[in-house]
Amino acid sequence: MAEWIARRELGDAGAPEITTRDEFVGALTRMIEVRSGPLAARTRARYALFLEADDDALRPLREQRTGMEAWVRSILARLGGDAAARNTTFLMAAGDGLLLHRLTVDPDAPIDDVVTRAIDAALQH
């Protein structure tokens, strides 16, 4: 199950080439919209596995997460240099928090404004 989810999420992300702040905002917004909307059941399953599965079962999901983190770090570095790249964990956590909030409390919570503020904060030195 974990391998199937990881393969699907990598394919869904499409990891587009991001060259501007606005493209980055758009890409992360779309990812959160899809993962908290049409693919919400799969996202819930991924969270359940992260919380309950053993290390061997989690390996594909962790590898997928590591790849996503590297992608975000590379974009932050390209747009804002090394100082921005050091904010990767912050930006990933903000996205995860918003995704979990939409899955559990408020499925209609705005995405674009939160993503924009998080990216802008990550790009500030």
Side-chain angles (χ1 to χ4, degrees):
M1 173 69 101
E3 286 180 32
W4 181 86
I5 290 172
R7 280 195 310 271
R8 296 284 186 210
E9 288 197 344
L10 283 173
D12 293 340
E17 183 65 27
I18 303 293
T19 58
T20 69
R21 169 201 168 270
D22 290 343
E23 289 173 348
F24 197 22
V25 168
L28 289 184
T29 296
R30 282 188 300 280
M31 286 179 188
I32 292 170
E33 284 173 344
V34 169
R35 290 182 178 174
S36 64
L39 301 179
R42 188 174 72 198
T43 303
R44 286 184 187 98
R46 179 171 49 87
Y47 279 142
L49 284 168
F50 266 121
L51 293 171
E52 300 298 331
D54 64 30
D55 286 339
D56 288 336
L58 282 176
R59 188 173 310 123
L61 290 175
R62 286 195 175 126
E63 289 170 359
Q64 182 266 341
R65 174 67 179 203
T66 299
M68 180 70 171
E69 187 175 328
W71 179 70
V72 168
R73 183 177 293 108
S74 71
I75 295 167
L76 287 173
R78 186 176 320 118
L79 298 178
D82 290 339
R86 286 190 292 273
N87 292 324
T88 299
T89 300
F90 160 76
L91 185 54
M92 297 286 290
D96 283 338
L98 178 57
L99 183 56
L100 186 61
H101 181 77
R102 285 178 56 90
L103 289 171
T104 59
V105 179
D106 185 0
D108 297 317
I111 301 170
D112 189 69
D113 289 343
V114 174
V115 169
T116 299
R117 291 171 117 182
I119 287 174
D120 287 347
L123 290 174
Q124 290 181 355
H125 297 104

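Taking 4.5 Å as the limit, every side-chain heavy atom of Phe24 sits out of range of all side-chain heavy atoms of Val115. Contact of the Leu91 side chain with the Asn87 side chain is not registered, since no non-hydrogen atoms from C-beta on lie closer than 4.5 Å.
A donor-acceptor pair is defined here as one N or O able to donate and one able to accept, closer than 3.5 Å; no such pair exists between the side chain of Arg102 and the backbone of Arg35. In this structure, Arg44 contributes its side chain and Leu103 its backbone to a donor-acceptor pair below 3.5 Å. Using a distance-only test at 3.5 Å, with no hydrogens or angles considered, a donor-acceptor pair links the side chain of Arg30 to the main chain of Gly26. In terms of modelled atom types and a separation under 3.5 Å, the side chain of Glu23 and the main chain of Thr19 share a donor-acceptor contact.
Interatomic distance, CH2 of Trp71 versus CD of Glu17, reported as 9.5 Å (0.5 Å rounding). One distance of note links OG1 of Thr88 with CG of Leu76; it measures 5.0 Å at 0.5 Å rounding. Put simply, CG on Leu58 and CZ on Arg65 are 13.0 Å apart, with the number rounded to the nearest 0.5 Å. The structure places CE of Met68 at 4.0 Å from CE of Met31, a figure rounded to the nearest 0.5 Å. Note that CG of Leu99 and CG of Leu28 are 11.5 Å apart. Values are rounded to the nearest 0.5 Å.
Here the shortest heavy-atom pairing between Arg21 and Thr116 reads NH2-CG2, 2.9 Å. Taking every heavy atom of both residues into account, Phe90 and Ala118 meet most closely at CE2-O, 3.4 Å. Residue Ile75 comes nearest to Ile18 through the heavy atom pair CD1-CG1, 3.5 Å, listed as atom of the first residue, atom of the second, then distance.
More than 12 non-hydrogen atoms from other residues, nucleotides or ligands lie less than 6.0 angstrom from CZ of Arg62.
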